Amino acid sequence: MIEYADVVCGLAWGDEAKGKITSQLASSGEYDYVCRWAGGNNAGHTVYVDGQKYKTHLIPSGIFYGIKSVIGPGCVVNVKSFFEEIEYLNKHGFNTSLVKISPRAHVVTEEHILRDKNNQYEKLGTTAKGIGPCYSDKSKRTGIRVQDFDDFKSYIWDEKLEGKVLCEGAQGFWLDLDYGNYPFVTSSTTLPYAACSLGFAPQKIRRVYGAAKIYDTRSGLDPEFPETLLDDPELTKIGMLGQEYGVTTGRRRKVNWLNLDKLIEAINISGTTDIVISKIDVLSEAGVFKFFYMNELYDFNSIVEMKRKLFMIIKSECQMIDKIYFSESPHKI
Ligand code: IMP
Ligand code: MG
């Protein structure tokens, strides 16, 4: 029986330091499973274990803490990159026999990657990992699944979940196929309700941990994030101090002031109960404190003043919010 499921999700456009939250929760020893419910190796999760930095793209972060780590039926799996990740984890001494893949997850083929590179990479600024074409074959019902491959035999998940489950989101709220700025979105459901595809009822969701940053960033194309943002001196400084480069693509991310209207919407629709707003140190170092709210840009004198205002607005506009945390850059913890 499943006792409860906690979900970690991104409240922006990915890169909100979800890995840090997942790590902290997973290291508590509370959970029996850590699971991914969507996406593939378009994601890039950075995790710090005992001061050491590790990167994964597909395998859930539970693996760093000796917890069963499940790649769910809603995920897409690149065979080569999966086995490279297994090798990387083995090399660093992690127990990869705990990695499990749903037999129903779909497989990303070389042909998907080619289609992505040729048709979508430039037009949409995708990660060129074959994600969109793989999900479109899944929807067309012409895809191939993990169960059709012999390679995965020792990793096949028996589709049982028990006890306490932690679900690790990929990408973010505004990259969701339905909610994002279509077609500048990813091809999966990034919202917490989709975690139920792992095999539990919505009522089992206990807490939703929403990850956000104190400023917005966007990797990939999006008319809401014009390229001219890259020329703004204050935003450029924030991007440099915050090391805003893609884990998966190495691309420089576009930086903008936090859009609080969008954040509030994401909190309320995702059902976030605990929000972690990170990278406070970056704004402090940059010495500029601004956010958009009700379509106006507000300017504050200090990080303390900005945090106080953020806290008050989120508390008053988000009924489901229970806890609001502010934190620093992942490498500072
Ligand atoms: P795709 O998921 O590769 O098809 O890319 C679609 C859009 O989602 C592009 O704008 C990507 O930059 C963005 N995207 C996908 N995965 C991530 C991620 O993990 N972090 C940030 N952006 C992402
Ligand atoms: Mg990421």
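Note that ligands are numbered from 1 as they come in the structure, with each ligand's atoms numbered from 1 the same way. Just so it is clear, the model here is predicted, and its values are computed rather than measured. In what follows, residues are counted from 1 in the order of the sequence shown.
- In this structure, Lys129 has no heavy atom closer than 4.0 Å to ligand 1.
- Both the backbone and the side chain of Thr127 come within 4.0 Å of ligand 1, judged by heavy-atom distances.
- Only the side chain of Arg218 comes within 4.0 Å of ligand 1, judged by heavy-atom distances.
- Counting only non-hydrogen atoms, the option in Val185, Leu124, Leu221, Thr190 that gets closest to atom 6 (C) of ligand 1 is Val185.
- By the criterion of a heavy-atom distance under 4.0 Å, neither the backbone nor the side chain of Phe184 is placed next to ligand 1.
- For atom 9 (C) of ligand 1, the candidate residues are Gly172, Gly125, Ser187; the nearest heavy-atom contact is made by Gly125.
- Counting atoms of ligand 1 from 1 in the listed order, those under 4.0 Å from a heavy atom of Asp15 are 20 (N), 21 (C).
- Among Glu244, Glu328, Glu285, the single residue meeting the salt bridge (charged side-chain N to carboxylate O under 4.0 Å, His left out) criterion with Lys279 is Glu244.
- Near Ser219, the atoms of ligand 1 lying under 4.0 angstrom from a non-hydrogen atom of the residue are 10 (O), 12 (O), 21 (C), 22 (N).
- For ligand 1 and Trp13, the ligand atoms under 4.0 Å from any heavy atom of the residue are 21 (C), 22 (N).
- When non-hydrogen atoms are compared, ligand 1 lies under 4.0 Å from neither the backbone nor the side chain of Asp222.
- Remark: aromatic rings of Tyr54 and Tyr48 are distant, center separation not under 6.0 Å.
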- request: Decide side chain to side chain donor-acceptor pair (under 3.5 Å) for Ser136 and Lys140; before the verdict, give the C-alpha distance in whole Å, the side-chain angles of both, and the deciding distance to 0.1 Å.
  value: CA-CA 6 Å; Ser136 67; Lys140 278 192 290 192; 5.0 Å; no

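- Per-residue contacts place Gly220 under 4.0 angstrom from the following atoms of ligand 1 (heavy atoms of the residue considered): 10 (O), 12 (O).
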query: Between Asp137 and Arg115, is a salt bridge (charged side-chain N to carboxylate O under 4.0 Å, His left out) present by the stated rule, with each step listed?
result: CA-CA 12 Å; Asp137 279 1; Arg115 256 155 70 193; 3.2 Å; yes

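- Distances between N or O atoms of Gln171 and those of ligand 1 include at least one value under 3.5 Å.
- Within the model, atoms CD1 of Ile67 and CD of Glu30 stand 9.5 Å from one another, a figure rounded to the nearest 0.5 Å.
- When the options Asp15, Thr190, Asn42, Thr186 are evaluated for a side chain to side chain donor-acceptor pair (under 3.5 Å) with Gln171, the one that passes is Asn42.
- Aromatic rings of Phe311 and Phe326 (six-membered ring for Trp) have centroids beyond the 6.0 Å cut-off, not under it.
- Remark: aromatic rings of Phe173 and Trp13 are distant, center separation not under 6.0 Å.
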